[in-house]
Amino acid sequence: MIEVRDLLKVFDTRGQVVRAVDNVTTQVSKGEVVVVLGPSGSGKSTFLRCLNGLENFDAGHVSINGLALDDPKTDINAYRREVGMVFQHFNLFPHMTVLENLCLAQKVVRKRGKAEREAKAQALLKKVGISEKANEYPSRLSGGQQQRVAIARALAMEPKVMLFDEPTSALDPEMVGEVLDVMKTLALEGMTMVCVTHEMGFAREVADRVLFFDHGKLLEDAAPSAFFSAPNDPRAQAFLRQVL
Amino acid sequence: MIKHKKAQWPWHALTALVLVGLAISLYLSTSMMAYEWRWNRVPQYFAYQAEETQRAIDYGSVQEIVVSGSTATVTLSSESGDAQTLEVDADSLQLSRGDDVAEGDAIGVTRHWAAGPLAWGLWTTLWLSVVSGAAGLLIGLVAGLCRLSSNPTLRDLSTVYVELVRGTPLLVQIFIFYFFIGTVLNLSREFAGVAALALFTGAYVAEIVRAGVQSIAKGQNEAARSLGLNASQSMRHVILPQAFKRVLPPLAGQFISLVKDTSLVSVIAITELTKSGREAITTSFSTFEIWFCVAGLYLLINLPLSHLASRLERRLAQSD
């Protein structure tokens, strides 16, 4: 489903060259839930952003469902339609109500009729448990509610893959659970997911595979049980000692 | 510290007192010089009763006069036997029945209300502001987006435009438009004036638009793009609506400036408010009164404009 080969992303700021993603090769098959772990600055967010072209990479191959990002003939907008993304800071559109947030892309990109897109939006809001907030503006919602709206907004496009970029890092601790619950439901329904997160519990419980990044390199690719009990790489061992 | 709620009205009363004091001292100082205030001369420059003289078209005599209310219907019979019927105001009638009239003789006048020079000037200022404001907004939007474009040519051209226009005085631009470009392209003075004002406003609006768009968090565009919107859809549906809300105060300021700057096109003989004020002074000699009126009329346009802007601002703030 997702194929990444020799992905290289270099940040060059005032002569300081940082290899943010350094020769990463991996693949994710359909229905798989992959959690990406690593210390901050390890390139895991950059890796995720490369998967839907928010970050231009320098070399390598990224494809989802056979559509290759490195192929200049690929329509990036058509590609992104199939890839949902959830951000750390929600990035809801503050000038639109929750319902309008969910309907915008359906209308502009999918060209769905008003009744159809609103029915879809209402169904998704119900699924994430905030149907009563449909006509509120995002600023009236708590962080957890906003993140659930953001997930619903991405789902409204019926993506084949969902990318999560630290979806719970900006939330108050009491709100983390509600967002993780939505993500778990999604995983159980068979959605292909790549999650950058610091929620070890989620990784252990839901993930099919754990990827561990440090300094842009993919150091470990293992099932969660193996990763958490006996990581191979010394840096992964050190990381787990810190966070667990 | 505990916050005590203090009454606000004594301060407002003090403000009123200061303003009244200023007005009184202004009045006293003008009364010390030999200036005679003649406010009664002013209204005729807004609207006056225009008189139209009705004349006989041929030699003949007055056949009949029928007075009904304030109008009189005069029937003239000419030597050739044709009858001419005229309606004039009764109090202006200068003939009685049987009088002989010659061709072109005044029979009487009809009166109707006509707009005076200040009213015409106000109207000219209004349409100049609206037309050049709308054009300036459009130019500014395009130029502002060009400044943010990834295309170097568009970026360079818009930068040159903004820098050229911002770096030269509006008065000079108006002269260049009228005397140089206007002569080359054979433009009317109104077109030259509107074009100069629109280009001038456009340069400032471009900078406002650029600042507004740049102030929107990068994540908004990323979220829109990640949903499959292309760059222009994201700009139109996500970035610009938010940017517009943010730049409304400077934008309103720019349009208020524009209304005032229309006074400069009087130098190329467009009779807008300022020029009609000067013309009114040449016939009334009421310099002080007319200038106060002209200032008041500019306020009449600008105060509702700022009121409108702040109302729009409040309406857009409902999503905060």
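Below, read A as the first sequence line, B as the second, and so on, with proteins coming before strands; counting in each chain starts at 1.
Ranked by heavy-atom pairs shorter than 4.5 Å toward chain B, the options I76(A), V86(A), N77(A) are led by N77(A).
When all heavy atoms of G219(B) and N91(A) are compared, the pair lying nearest together is O-ND2, 3.1 Å.
In this structure, chain B has heavy atoms under 4.5 Å from both the backbone and the side chain of F93(A). With a 4.5 Å cut-off on non-hydrogen atoms, E222(B) touches chain A through its backbone and its side chain both. At a 4.5 Å heavy-atom cutoff, the contact between V108(A) and chain B is made by backbone and side-chain atoms alike. For chain B, the nearby part of R49(A) is the side chain; its heavy atoms alone come within less than 4.5 Å. Both the backbone and the side chain of A224(B) come within less than 4.5 Å of a heavy atom in chain A. The parts of H95(A) that come within reach of chain B are both its backbone and its side chain, each placing non-hydrogen atoms under 4.5 angstrom from that chain.
From S226(B), atom OG reaches atom CE of M157(A) across 9.5 Å, with rounding to the nearest 0.5 Å. Taking CG of L227(B) as the start and CG of L104(A) as the end, the distance is 7.5 Å to the nearest 0.5 Å. Distance check, rounded to the nearest 0.5 Å: CG of N52(A) to CZ of R225(B) gives 10.5 Å.
The number of heavy atoms from other shown groups lying within 6.0 Å of NZ (K30(A)) does not exceed 12. Shown here is F11(A), whose CZ atom has more than 12 heavy atoms of other residues, nucleotides or ligands within 6.0 Å. In the displayed structure, Q16(A) atom CD is contacted under 6.0 Å by at most 12 heavy atoms of other residues, nucleotides or ligands. Other residues, nucleotides and ligands contribute more than 12 heavy atoms inside 6.0 Å of the CH2 atom of W127(B). Around CZ of R236(B), the count of heavy atoms belonging to other residues, nucleotides or ligands within 6.0 Å does not exceed 12.
In this structure, Q220(B) contributes its side chain and L92(A) its backbone to a donor-acceptor pair below 3.5 Å.
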